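Data block below; observations after.
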Protein chains: 2
Amino acid sequence: MNTKKDNTEDKILDAAKNVFVKKGMEGARMQEIADEAGINKALLHYYFRSKDKLFDAIFSKIIGLAFPKIGEIFQSDQAFAWKVEQVIDTYLSLLMKHPYLPAFILKEVNRDPSMFFKLVLKHGFSPAPIFEIIEEAMDRGEIIRMNPQHLVVHVLSMCIFPFAAKPIIHFVLFDEDKQATQAFFDERKQEVKQFVLRAITPELK
Amino acid sequence: MNTKKDNTEDKILDAAKNVFVKKGMEGARMQEIADEAGINKALLHYYFRSKDKLFDAIFSKIIGLAFPKIGEIFQSDQAFAWKVEQVIDTYLSLLMKHPYLPAFILKEVNRDPSMFFKLVLKHGFSPAPIFEIIEEAMDRGEIIRMNPQHLVVHVLSMCIFPFAAKPIIHFVLFDEDKQATQAFFDERKQEVKQFVLRAITPELK
DNA sequence: GTCTATACATTGATAGAC
DNA sequence: GTCTATCAATGTATAGAC
């Protein structure tokens, strides 16, 4: 995503992504994007008519990135526990690579939900199949019976929230110790998996 | 928090809170705050010298509100399970009452972490005692052994994140059905408590 | 396609009358 | 204390030369 800086359009897209993700739609300045791309403001408007249009282009790419194909993992023939671990691994790997995504997406979704809704429809994301598979695992007694929607929200919360609240964790929990904070985030894959599996596995512990 | 509209200063504070929490520091407009307070812009600057000063006043009050005295709950003599349930109850009740807080605080903390840091120091919030109590509960075998910091983040994530991501949940999970969304949030107290207790209670289930 | 210069709109902040 | 009118700064967008 940070390659292909050859032509001007890609340079703009790359610069815009960095600035928008860091500052948000309202905080970003066209001048800053131009500077980061090594061009001037006028050229931004030449390639993308307005700041809104440029933002839409960036936001659309990012939403596509942040909603990975969890469906594929769930469709496999593996045990449910394996699927859960795989989803947590996949999602946390993605977030470790793009730690700014949660704060950015939450900010923009709350600013203008309709924008997000259109993109979800465009990307054709539907959670229904996932809930079916969870229900089946419960029917088989592979996991305890509970509300699948809450289970999904539990897991996503534990994966995503710490990144959105990273400054708080960094300061309140680790007294601004960067290494300690980093270690904490490195541990979360393991910790979240253990916690979730213990909560949903029937008996025999 | 929505009372005392008698004098002008309180009217301003109340209006500013509404606008800032909804739009954030960058999205809020002094004109909109003035309109909501039923006065004009000049008067805002008469009472509070600048937009920054006005925002600081609001943000400080909100941080004080959002970091309730969890410490007190943990200091009691009850069983650890009771403490966990009490914390989840307390926090989710607070958030049901102020559902916009998570998105607002996350947005502002990521925009300017230092502002948040100063307030945390001012309010004198320290998590150390809580971790000690968790450690003791583990030593007694009351809950399974795990990293206390991750446990705290797990619980707070499940409580706070759904509110910050409410538009996403509303649309993706419930197809914009307001009643279904509301029901989901009403259920979370119970669901989070069950999930957490099952994950941390030793054996005997 | 890319630049400089500038128009136009928005908005935070102030001056001054009452 | 409260208002109207206005300033000054910032930022998006465009015009026009090269």
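Numbers restart at 1 for each chain; the letters A, B, ... are given by sequence-line order, proteins then strands. Small disclaimer: the values here were computed from a predicted structure and weren't measured.
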Checklist line | Plane angle bin for F20(A) and F55(A) - parallel if under 30°, tilted between 30 and 60°, otherwise perpendicular | finding: perpendicular
Margin query: For the residue pair T181(B) / K166(B), report whether a side-chain donor-acceptor contact shorter than 3.5 Å exists.
Written below: no
Note to self: Within the 3.5 Å criterion, strictly below it, is a donor on H150(B) or E187(A) matched to an acceptor on the partner's side chain?
What the structure shows: yes
Margin query: Using a 4.0 Å heavy-atom cut-off, does Y46(B) contact any base of the nucleic acid, only the sugar-phosphate backbone, or nothing at all?
Written below: base
Margin query: In this structure, how many angstroms lie between the P atom of dT14(C) and the CG atom of L44(B), rounded?
Written below: 13 Å
Next item on the list: Rounded off to whole Å, could you give me the CD-to-C1' distance for the Q31(B) and dT11(C) pair?
Entry: 9 Å
Next item on the list: Select base, sugar-phosphate, or nothing to describe what A28(A) touches, counting heavy atoms under 4.0 Å on all strands.
Entry: sugar-phosphate
Checklist line | Selected nucleotide, minimal atom distance to H45(B) side chain, candidates dT14(D), dT14(C), dG11(D) | finding: dT14(C)
Interface polar pairs with nucleotides 3-6 of chain C, N/O, under 3.5 angstrom:
{"residue": "dC3(C)", "atom": "OP2", "partner": "N40(A)", "partner atom": "ND2", "Å": "3.2"}
{"residue": "dC3(C)", "atom": "O5'", "partner": "N40(A)", "partner atom": "ND2", "Å": "2.8"}

Check: At under 4.0 Å, does any side-chain N or O of T8(A) touch on OP1 or OP2 of dT2(C)?
Finding: yes
Item checked: Worked check of ring pair (Phe, Tyr, Trp, His ring centres under 6.0 Å) between F104(B) and Y100(B) -> CA-CA 6 Å; F104(B) 171 71; Y100(B) 285 101; 9.9 Å; no
Check: Roughly, in whole Å, what's the span from CE in M30(A) to C1' in dA9(C)?
Finding: 15 Å
Next item on the list: Round to a whole Å and report the spacing from NZ of K23(A) to P of dT12(D).
Entry: 12 Å
Note to self: Please report the distance, rounded to the nearest Å, between OH in Y47(A) and P in dT12(D).
What the structure shows: 20 Å
Next item on the list: Output the residues of residues 48-57 of chain B in contact with DNA chain D, where contact means a heavy atom of the residue under 4.0 Å from an atom of the strand; sort by number or write none.
Entry: none
Notebook entry, point to check: Donor-acceptor pair, K17(A) side chain versus I58(A) backbone, under 3.5 Å?
Noted result: no
Margin query: With no hydrogens and no angle check, just 3.5 Å: does a side-chain donor-acceptor pair link E36(A) and N18(A)?
Written below: yes
Item checked: Protein-nucleotide distance (R29(B), atom CZ; dG11(D), atom P), rounded to Å -> 11 Å
Item checked: Criterion side chain to side chain contact (heavy atoms under 4.5 Å, CB included) on F174(B) and Q149(A), from CA distance to verdict -> CA-CA 10 Å; F174(B) 298 107; Q149(A) 292 169 322; 3.5 Å; yes
Margin query: Does either side chain, that of D112(A) or that of S114(A), offer a donor lying less than 3.5 Å from an acceptor on the other one?
Written below: yes
Notebook entry, point to check: Between F171(A) and F116(B), how do the two ring planes meet: parallel, tilted or perpendicular, split at 30° and 60°?
Noted result: perpendicular
